[in-house]
Amino acid sequence: MNPALSAEESVRREALDKLRHLGIDPFPASAYQVTHTTAQVREGYQEGMRVRIAGRFMNQRVMGKASFADLHDHTGKVQVYMNVDQLCPGEDKSFYNNVVKHLLHNGDFIGAEGVLFITRMGEISVNVDQLTVLAKSIKPLPAVKVDADGVSHDAFSDPELRFRMRYVDLVVNDRVRETFIRRTAIIQAMREFFNSRGYLEVETPVLQPIPGGAAARPFITHHNSLDIPMYLRIANELYLKRLIVGGFHGVYEFSRNFRNEGMDRTHNPEFTVMEIYVAYQDYLWMMDFTEEMLETICLRVLGTTEVRIGDNTLDFRRPFRRVTMTEAIFEHTGLDITGKTEDELRAFCISLGIEVNPAMGRGKLIDEIFGATAEGKYIQPTFITDYPVEMSPLCKRHRNNPELTERFELMVNGKELANAYSELNDPIDQLGRFEEQLRLMERGDDEAMYIDHDFIRALEYGMPPTSGMGIGVDRLVMLLTGNTTIQEVLFFPQMRPERRETGPNLSAFEDAGVPRDWVAHIIKAGYESPEKLAAAKPTAIHQVLNGYRKKNKLDIPALQLEEIQTWISSIQG
RNA sequence: GAUCUCGUAGCUCAGCUGGUAGAGCAAUACACUUUUAAUGUAUGGGUCCUGGGUUCGAGUCCCAGCGGGAUCACCA
């Protein structure tokens, strides 16, 4: 009877003790060797076959001397049938009557051994003759029921609780487990696609002295023995290019990146990007490669290139449409940005109702126009190519137009999914672009990039022509699992930490000599702290507590007045 | 960071213009040896997020805080 526990939790804790009294360890140490998964039972059914399975005991249906329950394991569930004569062939029926009917609870892990049969209702079941408690669950799982049509009743649906307690979410919501299995399948398909072409998976620093490779606010930490600030990476791009300088012809990394920015349904402070760099290739090749990769992943993981998301059906079948940035803006606004000055573009932005400020250069203004008018319109996979040079400081200038770059972004469902360049490998141009970023920073652009002099030095030693591509893994998983929030595809999305419950301090009572058994009752009786207890008259406490004991039929000795006086003098020190 | 919105039993939710805290599932007890959202009968379970305020009286109205969600902004 701890006031911090719900009635159900108390019942389960009492069941622990009762099991121990019966000589059953609720948390046995020894391994339990299963012979089948529940899926193997369902698929390889043979009447009379003996199986040993293990999993969570769920949704028990007691019918007197017989009962049913579902045993859930990582492959699904199978029904177990327990009747008193099978489980207790001798005179002593107490295992069935006590343990099975009263001391097992929803969510307990059990092992079950028995023979297979099919019930009158036509369900494959295990007629259990050996049942082993493997681990008690002392907190009740949400009571989700799924009916014959697969409809969930009383689903565990509160997003806060689901994301804070993903372990519970995974147990009671099957779809969640499937989403994460598919996430891993997508990543594996991608990895196999790269490996089959001979590209090398690598690892590069997460802790970086300069947060380079992208424009974003970093998380800052401090290295004690070097006594310098360190940054969690916002990107790994500059390190992968160093490896191309070093002679690898193709490298890729699944990079967990960290950005100290807002959180919403498509942004988490840490997120995963797959970046790949291939020597001697350009962005045109990379478009072909990206199409092929996505088509392959879809076929491998989904068996089709079509994906339903919301009201849209996306098709990842090659080839994807290719549109230049200039064409895209013309298509959606009627404006041809070719040759337009910064002032003309700014005026156009204002006419579209886009907020502008003096820090915005020509490239930024074009990007704003695109973002406001065109970006959301590309539902089917579409490559947007040839971005203005100011927006792309790490990208090679376009072979036909020095104001543009050889860059593409892949837009899917109105959002950016991938980003790729013909990588800038001219060290002098690269330094100039970094210096331009510095000027933007001085103009007030807080997203401009830092200069990484070691990276410049690497380029000075020579980097082959290279194309690189980055793809948002979380967003890809969202698309291929039909989810619209990033939290649904991350096991543990970032949330504000829970406030620690500042409940009554139980040990403070024990320190004052109050018997352990009494502490919870004393709090429940209204004395929330030792100080409150000491402020009351000992005779009154004596009467209240013994009255409480009698009313609640507590199985602990009645209190003597002297004991209470001892506590109080102890509290008062 | 801004705006809107939500916070009631273990879970999902009702609770009207302020008047004794409700349901289903879950739990407990009993009955029931092939049930399956098992069923039937009975019982227990609440700091109505927290703290102030208005009021004879607040789950309900007001203010502040905490936490979530949505929409923005920033970004991928």
**Base B:rC74 paired with A:Asp264 side chain (donor-acceptor, <3.5 Å)** = yes
**First of A:Glu8 and A:Arg475 reached from the 5' end of RNA chain B, by closest nucleotide** = A:Glu8
**Request:** Write out all pairs satisfying salt bridge (Lys or Arg N to Asp or Glu O under 4.0 Å) with one or both partners inside residues 83-96 of chain A, taking only residues at least two apart or from two chains.
**Result:** A:Asp85-A:Lys93
**Complete:** Mate of B:rC25 across any strand shown (Watson-Crick or G-U wobble, both atom pairs under 3.5 Å) is B:rG10
**Item:** Distance between P atoms of B:rC56 and B:rU3 (Å, rounded)
**Value:** 33 Å
**Prompt:** CG of A:Asn106 versus C1' of B:rA26: gap in Å, rounded?
**Reply:** 8 Å
**Request:** Assess whether one donor atom and one acceptor atom, taken from the side chain of A:Arg120 and the base of B:rU34, lie less than 3.5 Å apart.
**Result:** no
**Prompt:** Contact class for A:Ser67 vs. all strands (heavy atom < 4.0 Å): base, sugar-phosphate, or nothing?
**Reply:** nothing
**Prompt:** Are A:Phe117 and A:Tyr81 an aromatic pair by the rule of ring centers under 6.0 Å?
**Reply:** yes
**Asked** How about A:Phe383 and A:Phe320: are their ring centroids closer than 6.0 Å?
**Response** yes
**Fill in**
Between CD1 of A:Ile234 and C1' of B:rC74 the distance, given in whole Å, is 14 Å
**Asked** Sequence neighbours excluded, which residues qualify as side chain to side chain contact (heavy atoms under 4.5 Å, CB included) partners of A:Arg265?
**Response** A:Thr484, A:Thr485
**Prompt:** A:Val84 near the nucleic acid: base, sugar-phosphate alone, or nothing, with a heavy-atom cut-off under 4.0 Å?
**Reply:** base
**Prompt:** For A:Gln86 and B:rU33, is the shortest distance between a side-chain N/O and OP1 or OP2 below 4.0 Å?
**Reply:** no
**Message:** Tell me whether A:Phe271 and B:rA76 count as stacked here, given that the ring centres must be under 5.5 Å apart and the planes must differ by less than 30 degrees.
**Reply:** yes
**Prompt:** Within the modelled atom types, does a donor on one side and an acceptor on the other bring the side chain of A:Thr119 and the base of B:rU35 under 3.5 Å apart?
**Reply:** yes
**Request:** Determine the Euclidean distance between corresponding C1' atoms of B:rA27 and B:rG44; express it in Å to zero decimal places.
**Result:** 9 Å
**Message:** Taking B:rG7 as the reference, what is the distance to B:rC49 when you measure between their P atoms (whole Å, please)?
**Reply:** 8 Å
**Asked** Counting only Watson-Crick or G-U wobble pairs whose two distances fall under 3.5 Å, which nucleotide matches B:rG40?
**Response** B:rC30
**Request:** Send over the distance from A:Asp169 CG to B:rC11 C1', rounded to a whole Å.
**Result:** 13 Å
**Request:** Report yes if at least one side-chain N or O of A:Arg164 is closer than 4.0 Å to OP1 or OP2 of B:rG68; otherwise report no.
**Result:** yes
**Request:** Starting at atom CZ of A:Phe68, determine the distance to atom P of B:rU35, rounded to an integer number of angstrom.
**Result:** 6 Å
**Asked** Expressed in angstrom and rounded to an integer, what is the separation of A:Asp85 atom CG from B:rC32 atom P?
**Response** 14 Å
**Prompt:** OP1 or OP2 of B:rC30 sitting under 4.0 Å from any side-chain N/O of A:His102?
**Reply:** yes
**Prompt:** Checking all strands, does A:Glu123 fall into the base, sugar-phosphate, or nothing category for heavy-atom contacts under 4.0 angstrom?
**Reply:** base
**Asked** Does B:rC4 have a Watson-Crick or wobble partner in any strand here, with both distances under 3.5 angstrom, and which is it?
**Response** B:rG69
**Message:** With a 4.0 Å limit, can you tell me whether A:Asn260 has a side-chain N or O closer than that to the phosphate oxygens OP1/OP2 of B:rC74?
**Reply:** no
**Request:** Give one of base, sugar-phosphate or nothing for A:Gly262, where a contact means two heavy atoms less than 4.0 Å apart.
**Result:** base
**Message:** Applying a 4.0 Å non-hydrogen cut-off, can you work out what A:Asn257 is touching in the nucleic acid: base, sugar-phosphate, or nothing?
**Reply:** nothing
**Request:** Measure from NZ on A:Lys101 to P on B:rU33 and round the result to the nearest Å.
**Result:** 9 Å
**Request:** Classify the nucleic acid contact of A:Val62 as base, sugar-phosphate or nothing, counting any heavy atom under 4.0 Å across all strands shown.
**Result:** base
**Strand partner of B:rC48, provided both Watson-Crick or wobble distances fall under 3.5 Å** = none
**Asked** With respect to the phosphate group of B:rG10, does any side-chain polar atom (N or O) of A:Arg12 fall under 4.0 Å of OP1 or OP2?
**Response** no
**Prompt:** Quantified in whole Å, what is the C1' atom distance between nucleotide B:rU71 and nucleotide B:rA9?
**Reply:** 33 Å
**Complete:** pair_partner(B:rC61), Watson-Crick or wobble, both distances < 3.5 Å, evaluates to B:rG53
**Message:** Classify A:Glu409 by what it touches in the nucleic acid, base, sugar-phosphate, or nothing, heavy-atom distance under 4.0 Å.
**Reply:** nothing
**Message:** Determine whether a donor-acceptor pair (one donor, one acceptor, N or O, separation below 3.5 Å) exists between the side chain of A:Asn127 and the base of B:rU34.
**Reply:** no
**Message:** Please confirm whether the ring centroid of A:Phe491 lies under 6.0 Å from the ring centroid of A:Phe180.
**Reply:** yes
